[in-house]
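One structure is given here, and the rest of the page talks about it.
Here is the naming used below: chain letters follow the sequence lines, and residue numbers restart at 1 for every chain.
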Amino acid sequence: MKNPTDETGRGWSSFETALLAELRDVVTERAESPALDMPKPRRRGRAAVIGAAAAAAIAAVAVTVLPASTPAFAVDRQADGDVVVTVNRLDDFDGLEEALAEYGVTAEVGELKLVEIDPEDGPGPGWMMEPEIEVETTEERVSEGTGPLEELCSEAPIEVDERGSGHVVTIPANAVHRDRTLILNLASESTVATVGEGSARTYSYAWADGDRAAPCITVTLEAPAPE
Amino acid sequence: MTADISRIGRDQEALEVFYRDHIDRIQRFVAARVRDPHRVADLVADIFVAAVESAERYQPGRGSPTGWLYGIAANVVAGDLRREQRELRAVGRVSGRRLLDPDSIARIEERIDAERAMRDLLPGLAALSEDDRALFELVSLDGLSVRDAAQALGVKPGTARVRLHRCRSRVREHAENHRSAAWPSPAREEVTP
């Protein structure tokens, strides 16, 4: 070993040297163990069971909500350059993000979910939508500020048509830019049904660029705990 | 030289490269969160053993080795805090404290003191939820990129940026409400880069 040093330029302590020696022993033991490359049947079996259950649950929801042939989402560009996204089901965010990228929109799409409020964090008991963005606000809010991201919130707002079983999201042409990220969160139909239709926004969005972010529409629903 | 993560579980040389790259920052990470040098030593050992045992599952496309390792570190430290609350200390595969000598203990105590001084500059941390505080600390104290911190905590980078925006607002608000000598102006610039 060639005189390893820590961040202050001093040599390693005996602890750091001894720990590496112990870890090398662990690695040697693992490398000599024939069980290392064996599959882990219990873990795989468990994952398969969970996967099957989840698939069945998704299929059940899809059948009750929409015909099986209805795609989870569709992306299109209008003649004026606006990008229109129709989201029918919240089950393929990665696919939706890839489809949006093809239209020049860098996006991270997530689901608004109901979570229990920790009594230490809020007035609870009750539930609220997560991810919430500004807990101080109680209603939707347009970000105010002078930065380019905040200006984007007010000058090129995204329109979201909240429909019974999904959302139609229109991203203005002048908001489309690969170097900034649209963070879009949508609530599922079952979540909306739980809290009561019309009682809460079913989406939130923000723009991010580098380490900066500007929340545009936020949701901080607080509701009684579901039965 | 960068370690091939997939090999550190069975290749001593790959392990050593990985260990050299990360031992300082992992000790700093733990020393910022745990104040007993013996526990720091145990947890640092636990983190590297967990990395060795899960290296085959590392997927380069899902983030950097640093973000992956900090994710392990965050889980190990959080698990230890939960165990501490239950007063049940699990016995690790490698006992870090067994490897300590007086000089090593003194070196770890120096790290704990250094990290404590840094944390004391941020009194607004107490105003954050547990999840937000973990994210804020990874970026502001541990110096991770937003992307690596997001990976460590299992959230999307954009979501992490929005949460950081909220954290900075709250810490700033806390500072405004508790403006005193405890919040010197240079530290405030650190919080809002």
Side-chain angles (χ1 to χ4, degrees), chain A residues 1-2 4-8 10 12-33 36-37 93 97 106-110 118 120-122 131-136 143 149 180-185 204-215 218, chain B residues 7-16 18-20 23-25 27-28 37 40-41 44-45 48-49 51-53 55-56 93-108 110-111 129-130 139 145-147 155-166 169-170 173 193:
Chain A
M1 196 182 301
K2 294 180 186 175
T5 58
D6 70 7
E7 61 214 342
T8 65
R10 293 183 297 186
W12 272 358
S13 69
S14 60
F15 164 70
E16 290 157 337
T17 304
L19 177 56
L20 176 58
E22 293 269 348
L23 291 169
R24 291 178 74 111
D25 288 346
V26 171
V27 169
T28 300
E29 189 182 309
R30 285 172 53 81
E32 291 171 352
S33 166
L36 185 65
D37 293 324
F93 292 143
E97 290 169 3
T106 304
E108 291 178 9
V109 186
D118 184 332
E120 292 183 4
D121 291 341
E132 43 89 26
I133 295 178
E134 287 286 328
V135 78
E136 291 84 1
S143 178
L149 291 178
R180 58 182 169 240
T181 303
L182 169 65
I183 301 159
L184 177 66
N185 294 298
S204 68
Y205 80 92
W207 287 104
D209 185 358
D211 283 354
R212 293 204 65 247
T218 69
Chain B
R7 292 173 51 228
I8 67 170
R10 56 176 104 189
D11 181 327
Q12 291 195 357
E13 300 312 311
L15 165 73
E16 181 163 339
F18 178 77
Y19 182 84
R20 284 170 180 262
I23 180 64
D24 276 338
R25 61 180 79 183
Q27 287 188 91
R28 206 163 54 232
V40 171
V44 169
F48 277 100
V49 169
V52 162
E53 292 183 337
E56 276 93 0
R93 185 167 181 177
V94 173
S95 170
R97 68 182 65 203
R98 186 174 55 78
L99 308 175
L100 289 174
D101 65 350
D103 176 63
S104 298
I105 293 173
R107 299 268 287 266
I108 291 178
E110 283 176 29
R111 290 179 189 275
S129 70
E130 189 177 332
V139 174
S145 67
V146 174
R147 184 165 291 277
V155 300
K156 293 183 177 181
T159 305
R161 289 190 197 94
V162 172
R163 284 173 53 190
L164 280 170
H165 173 93
R166 178 174 65 198
S169 298
R170 286 195 185 168
E173 183 183 332

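- For the pair A/Glu22 and B/Phe48, the minimum side-chain heavy-atom distance is 4.5 Å or more.
- Ranked by non-hydrogen atom pairs under 4.5 Å with chain B, the options A/Thr28, A/Asp209, A/Val27 are led by A/Val27.
- Annotation: side chain of B/Arg20 is not in contact with side chain of A/Glu16 (no heavy-atom distance under 4.5 Å).
- Looking at A/Glu108 and B/Arg147, no side-chain N of the basic residue comes within less than 4.0 Å of a carboxylate O on the acidic one, giving no salt bridge.
- Atoms OG and CG, on A/Ser13 and B/Asp101 in that order, are 7.0 Å from each other to the nearest 0.5 Å.
- Smallest separation of non-hydrogen atoms from B/Ser104 and A/Phe15: OG-N, 3.0 Å.
- When all heavy atoms are compared, the tightest approach of A/Thr181 to B/Arg161 is OG1-NH1, 4.4 Å.
- Contact tally against chain A (heavy-atom pairs below 4.5 Å) for B/Ala160, B/Pro157, B/Ser145, B/Ala45: the top residue is B/Pro157.
- Proximity of a side-chain donor or acceptor of A/Arg30 to a complementary backbone N or O of B/Arg10 within less than 3.5 Å is not detected.
- Residues forming a salt bridge (charged side-chain N to carboxylate O under 4.0 Å, His left out) with B/Asp103 (at least two apart in sequence, or on another chain): B/Arg107.
- At a 4.5 Å heavy-atom cutoff, the contact between B/Ile23 and chain A is made by side-chain atoms alone.
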Please test B/Glu13 against A/Arg24 for salt bridge (charged side-chain N to carboxylate O under 4.0 Å, His left out), starting from the C-alpha separation and ending with a verdict. CA-CA 9 Å; B/Glu13 300 312 311; A/Arg24 291 178 74 111; 3.2 Å; yes

Check against salt bridge (charged side-chain N to carboxylate O under 4.0 Å, His left out), B/Lys156 and A/Glu97: CA-CA 12 Å; B/Lys156 293 183 177 181; A/Glu97 290 169 3; 2.7 Å; yes

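- A 4.5 Å side-chain heavy-atom check between A/Leu23 and B/Gln12 finds every atom pair outside the cut-off.
- In this structure, the side chain to side chain contact (heavy atoms under 4.5 Å, CB included) partners of B/Val40, at least two apart in sequence or on a different chain, are B/Val30, B/Val34, B/Val44, B/Ile108, B/Ile112.
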